[in-house]
Amino acid sequence: MKIGITCYPTYGGSGIVATELGKELAEKGHEIHFISYALPLRLNRATPNIFFHEVEVTDYPLFDHPPYTLALATKMAEVAELHGLDLLHCHYAIPHSVSAFLAKSMLEPRRLPVVTTLHGTDITLVGADRSYLPITRFSIERSDGVTAVSHYLRQATCQTFGICSNVEVIHNFVNCDIYRSSPRPDMRLRFAPGDEKILIHLSNFRPVKRPCTVIEIFRRVQERLPAVLLMVGDGPERGRAEWLAHDYGLDERVRFLGKRDNIDELIGASDLLLLPSQNESFGLVALEAMACEVPVVVSKVGGLPEVVTDGREGFLVDPKDIDGMAQRSIEILSDDALRREMGRNGRQTARARFCSDEIVRRYEDYYRKIIDRS
Ligand code: GMT
């Protein structure tokens, strides 16, 4: 198949899922065309059947906001026509699915089936905002196929948009060959020279991820056992989190590493992942940790209970219960046998339900169904 993929190219789960999916599909022989305003973050290696088409947004003094949605639609239609795309797959509804609808309309009577994958905040936050709700609903309804990354998100789409049927749940995935246990003694030594326990948090540091809460949890943990914290990623809340760590006198123990590529190595070197999000439609990073045999302490919200079973791969805790999260973290970190067992369970769950082989096959089947139907 020849598939166009549009996603945000920046640091964030939806872009990562889109990019990894494109890479896996290309491995299986499909021709993949990424269409976005910048090269997606994890698309750093040249591969023969992966193409990247950059959307350039022409500015003009009259435009307060250059119209990316229109430039994207134009590029989508151009790529579809020139390369004979069989299908266009949009990750994150806003504004990608609106552009796809325009592209598809421009190409008529030629058919260009559009699949939209809903990732989370496109439904729960941005899409639910009154200024975007009607057009988000419209673009989802006009997509030929719609997938959601969790049952929770499908339910939220039903509640917020009244779209209750024809949303297929295809969970996120991880490449279980890349994300695997790799204790990395060299890296451990660098971050924890005194053999401290290593906690890790990775996110786009938006308010919904609550990075300051990570610092609060860590402050409690390090009072009870020697520990360091790796904060990976960047975003609007990073400054507040750094100041908080500073005010608590934790500069030596908390390392803000910024955006990094070698996520699997950083997770592999850690003992525990913290994800105290306000909401999370799936929580891709929790799955990545599980695949690396690293236990997780995560919020009991959204789609996370579909990924993590409380007491098995780690713990699910009420997001308001900071003491509880700290307590559960201490429990895992002070009991090596428990930590290893939870790590093994995580790997087992990842392999049984979320490895790329199986999930990518489901996307392929879904594409074929939508193409046949169109
Ligand atoms: O987090 C966001 O604001 C958007 C989005 C992203 O691009 O990272 O995250 C969502 O999509 C991920 C991939 O499907 C999910 O793993 C995240 O749980 C989800 N974020 C939220 O629901 C907050």
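Order of appearance sets the numbers: ligands from 1, and atoms from 1 within every ligand.
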Original post:
What are the atoms of ligand 1, with element, lying closer than 4.0 Å to any heavy atom of Arg206?
Top reply: 1 (O), 2 (C), 3 (O), 4 (C)
**OP:** Would you indicate which of Gly12, Gly13, Ser203, Ala156 comes nearest to atom 12 (C) of ligand 1 when only heavy atoms are counted?
**Re:** Gly13
Original post:
Do the two ring centres, one from His201 and one from Phe218, sit under 6.0 Å apart?
Top reply: no
Original post:
Is there a donor-acceptor pair closer than 3.5 Å between any side-chain N or O of Ser143 and the backbone N or O of Val114?
Top reply: no
Original post:
Is the shortest distance from atom 9 (O) of ligand 1 to a protein heavy atom below 4.0 Å?
Top reply: no
Original post:
In terms of atom number and element, which parts of ligand 1 are under 4.0 angstrom from non-hydrogen atoms of Gly283?
Top reply: 15 (C), 16 (O), 17 (C), 18 (O)
Original post:
Can you list the ligand 1 atoms lying under 4.0 Å from a non-hydrogen atom of Asn172?
Top reply: 13 (C), 14 (O), 16 (O)
**OP:** Could you tell me which atoms of ligand 1, counted from 1 in the order shown, lie closer than 4.0 angstrom to a heavy atom of Phe282?
**Re:** 16 (O), 18 (O)
**OP:** Measure Val149 to ligand 1 on non-hydrogen atoms and call it side chain, backbone, both or neither using the 4.0 Å cut-off.
**Re:** side chain
Subject >> For Gly120, the ligand 1 atoms whose distance to one of its heavy atoms is below 4.0 Å >> reply: 22 (O)
Original post:
Who's the nearest protein heavy-atom neighbour of atom 17 (C) of ligand 1, and how far?
Top reply: Glu280 OE2, 3.2 Å
Original post:
For His119 and ligand 1, does the shortest N/O to N/O distance drop below 3.5 Å?
Top reply: yes
**OP:** Give yes if a backbone or side-chain nitrogen or oxygen of Asn279 is under 3.5 Å from a nitrogen or oxygen of ligand 1, and no if not.
**Re:** no
Original post:
Relative to atom 1 (O) of ligand 1, which among Asn204, Thr117, Thr124 owns the nearest non-hydrogen atom?
Top reply: Asn204
Original post:
Would you say ligand 1 has an N or O under 3.5 Å from any N or O of Val17?
Top reply: no
**OP:** Answer yes or no: is the gap between the SG atoms of Cys164 and Cys158 smaller than 2.5 Å?
**Re:** yes
**OP:** Run the numbers on Lys28 and Glu364 for salt bridge (charged side-chain N to carboxylate O under 4.0 Å, His left out), then give the verdict.
**Re:** CA-CA 10 Å; Lys28 298 183 92 175; Glu364 284 179 288; 2.6 Å; yes
